[in-house]
Structures are given as structure tokens and as C-alpha cells.
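Remember, predicted model here, so these are calculated numbers, not experimental data. Counting starts at 1 for both ligands and their atoms, in listed order.
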Amino acid sequence: MDDSQQLIAALPVPVVLIGRDERVAAANAPAVALLGADPTGRHHGLTLRQPALLEAIGRAMQPGAPTVEVRHVIPGPSSEVVHRVTVTPVPQGVVCTFLDLSEQEQIGQMRRDFVANVSHELRTPLTALLGFIETLRGPAREDAAARDRFLGIMAREAERMNRLVRDLLQLSRVEAQERVRPTEPIDLAAALRASVLALRPMAEEQGVSIEVAGADHPLEVPADPDQITQVLNNLIENAVKYGGAGGRVLATLGRGQGPRGSMAKIEVRDFGEGIDQIHLGRLTERFYRVDGHRSREKGGTGLGLAIVKHIVNRHRGRLTIESRPGQGSTFTILLPES
Ligand code: ADP
């Protein structure tokens, strides 16, 4: 290896040096991985095929040429890989440095999707509210019965917006704290018993019984008590809401094997209709619902499981979802005990 090859080999991003003879003089390991084969010794046009990049290299070979940047896109099976290539003239020829923009572009896309989703979720109840206000001011002005009915619907829609804003704030708070792992020990058994006690009336109203197992003895883990309560409430509420057809929900506390040896395990199981396999991987995405209409009807925001996932991440735990259509679903959480 000559000096420039050694220098390029030490750089952590893909770098290709093209000599004055237009052949690749050096390419480091990240560049070989990106281009699929080692281009060293070959004409650069055989591997760097994109016209904008070839043109920039051609210009950079001219005396006194400035450094330029071009976009380089490699189509992939699921998404494209986008790089910003800096083309710099050097005495030996031209250096091309690739900076991966895929993640940045993906984050940008996610942010745009998120804003679009939030706007859509808020607009639906807002449109309903505006419509009823119009009606109450006009045609239903003197109609006491209609007024009562409309006010009931308006209150429901306003509550929906309230829940959405509450969940959005909660989500952003948990995300902001995600790097800071809680350290205070709390008793999961007590937390589980308290959650079940609070949710039982709601469940019984819908003909669902909640059974608890393994919560007689304390089981301490370092955790944020409010967030653990939120996780338990979300999972048990979902089990009642979506799996209630089975008539019962089973919440079990115990220990299980995880990536960090023995971990505390909370299982929330329902015996309802279950979830089709194709949805399982996406349930924790924001606003992902198996049946949007049904979720909204039950007052869901589509954010519950996203919040659960972030809280579990913050605790360095694991969330797994298993389900068989027709047999119900099991949501399992593993939390490190120390
Ligand atoms: P929400 O309940 O507000 O819609 P979640 O994030 O809590 O949002 O859940 C996302 C989706 O996952 C729900 O809309 C529902 O389709 C599905 N789901 C969650 N829990 C269960 C369950 N126990 N059984 C069947 N489907 C479920």
C-alpha cells in the first residue's frame, strides 16, 4: 500500500481516490462494501456509473477546479441508499467521499408522516365539532333535544382530542427520557395489583374478568412507577378492549430468561380474536391500528403501544407480542432486575 492508500484505508466512511489516468487508485473497505466489489485498478466509470457523479469527476480533473457535492442514489430492495458525494481535486487526481444520508432522509420522512398523521387525527374530531357548532347556531337553535344530543357528541369529540394531545405529550416526554434509565426500585407485584384494581370496574362493565397470578410476593425492579403503571394500564385496557370477546384477561407476574439473564416478566394475555401475523411487527408504530374504525370507536389514539415500547426501552427491557387468530394475544414484558 502506498501512502495515499494507507490514509484512505484509515477513514471510516467510503472514500475512493481516482488517479490522473482515470483509474481507481485506492478504495477503502467501506467503499468496497458500498460499491459491491473492489474497483482498484479499473476505470472509475465502470463502478461509479451515475452521470452526475461522472460529470463532477471529469470537471474535478481540470486545473483549478473547485470541490463539488453531488447526490448519489443506489436503489435498494425496500428503500434507496442515498449518499452525498464530495468530489475534491487533489494533486494525485480526485477524491470522492461518500456521506450516507439515508438515515437522515428517513428521519425527515418519518417526521413528515408523523405531522400528517397528527393533523389527520386532530382534524376528524375538529371537523365534527365545527359542524355541530354550526348546527347549534342555525337549524337546531331552538331544539332542546337536539342540543343535548349534539352537546354529548361534541363532548366525546373534544375528549378524543384531549386524549390524543395527552398521549402525544406523554410520548415525547418518554422519548426525551429514553437515555436515562430509572434507578429507584419499585415493587411490580404492588403495581400490577393496583392497575388491576383500577381497571376491573371498566372490564366488568364489558363482561370481562381480570385474573392475576404471581403477584402475591414482591418483585422489585428499578423502574419509574408512573410509567410502569401506564404500561400495565395500556396492555390490560387493550386486552379488554380488543380481546374482550374471550371473557377474561390474565395478568401474570414472574421471571423469565432474557438477554440479560433472569429478568422480571409481566404477561398480559387475552382470549379474544387475536391479531393476524402480518400486523404483529408494526403494532408499536405510532398510529398503526389493525382496524382504525374500531380503535377510534373505542376511544383509541393509536399511540398506546408506541408509548409502551418507549417506556420498555427506557427500562432496558423487552416487549414481545404473540398472537394466534381466534385464540387471543399475549403481550410479554421483560425488565432487568438490577
Ligand atoms: P389504540 O388502542 O389506541 O388504537 P394501541 O397502540 O394501544 O392503540 O394499539 C394499536 C392497535 O393494536 C390497536 O388499534 C389494535 O388494533 C391492536 N391491538 C392492541 N392490543 C390488542 C389485543 N390485545 N388484541 C387485539 N388487537 C390488539
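For the pair Arg248 and Phe271, the distance from NZ or CZ to the six-membered ring centre is under 6.0 Å and the angle to the ring normal is within 45 degrees.
At the top of the distance list for atom 4 (O) of ligand 1, counting protein heavy atoms only, stands Ser295 OG, 2.6 Å. Closest to atom 23 (N) of ligand 1 among all protein heavy atoms lies Asp270 OD2, 2.8 Å. Among all non-hydrogen protein atoms, the one lying nearest atom 16 (O) of ligand 1 is Val290 N, 3.1 Å.
Annotation for ligand 1: atoms under 4.0 Å from non-hydrogen atoms of Ser329 are 24 (N). Each of the atoms 1 (P), 3 (O) of ligand 1 lies under 4.0 Å from some heavy atom of Gly300. Those atoms of ligand 1 with a heavy atom of Arg289 less than 4.0 angstrom away are 4 (O), 14 (O).
Atoms NZ and CZ, from Lys265 and Arg318 in turn, are 13.5 Å apart once rounded to the nearest 0.5 Å.
Listed for the Ser323 side chain is a donor-acceptor partner under 3.5 Å among the backbone atoms of Ile275. With Ser119 contributing its side chain and Val115 its backbone, the two residues share a donor-acceptor pair below 3.5 Å. In this structure, Ser102 contributes its side chain and Val82 its backbone to a donor-acceptor pair below 3.5 Å. Side chain of His43 to backbone of Gly45: a donor-acceptor contact under 3.5 angstrom is found. Distance alone, capped at 3.5 Å, places no donor-acceptor pair between the Glu204 side chain and the Pro201 backbone.
When the heavy-atom distances from atom 18 (N) of ligand 1 to Tyr242, Phe287, Tyr288 are ranked, the shortest goes to Tyr242. For atom 12 (O) of ligand 1, the nearest non-hydrogen atom from the set Ile275, Asn238, Leu283 comes from Leu283. Considering only non-hydrogen atoms, atom 5 (P) of ligand 1 lies nearest to Leu305 out of Ile236, Val308, Leu305.
Using a 4.0 Å cutoff on heavy atoms, Gly302 counts as a contact of ligand 1. By the 4.0 Å heavy-atom criterion, Lys241 is counted among the residues contacting ligand 1.
Where the criterion is an N or O separation shorter than 3.5 Å, residue side chain and backbone included, Ala306 fails it with respect to ligand 1.
Under the ring-ring contact (aromatic ring centres under 6.0 Å, His included) criterion, Tyr242 pairs with no residue at all, not counting sequence neighbours.
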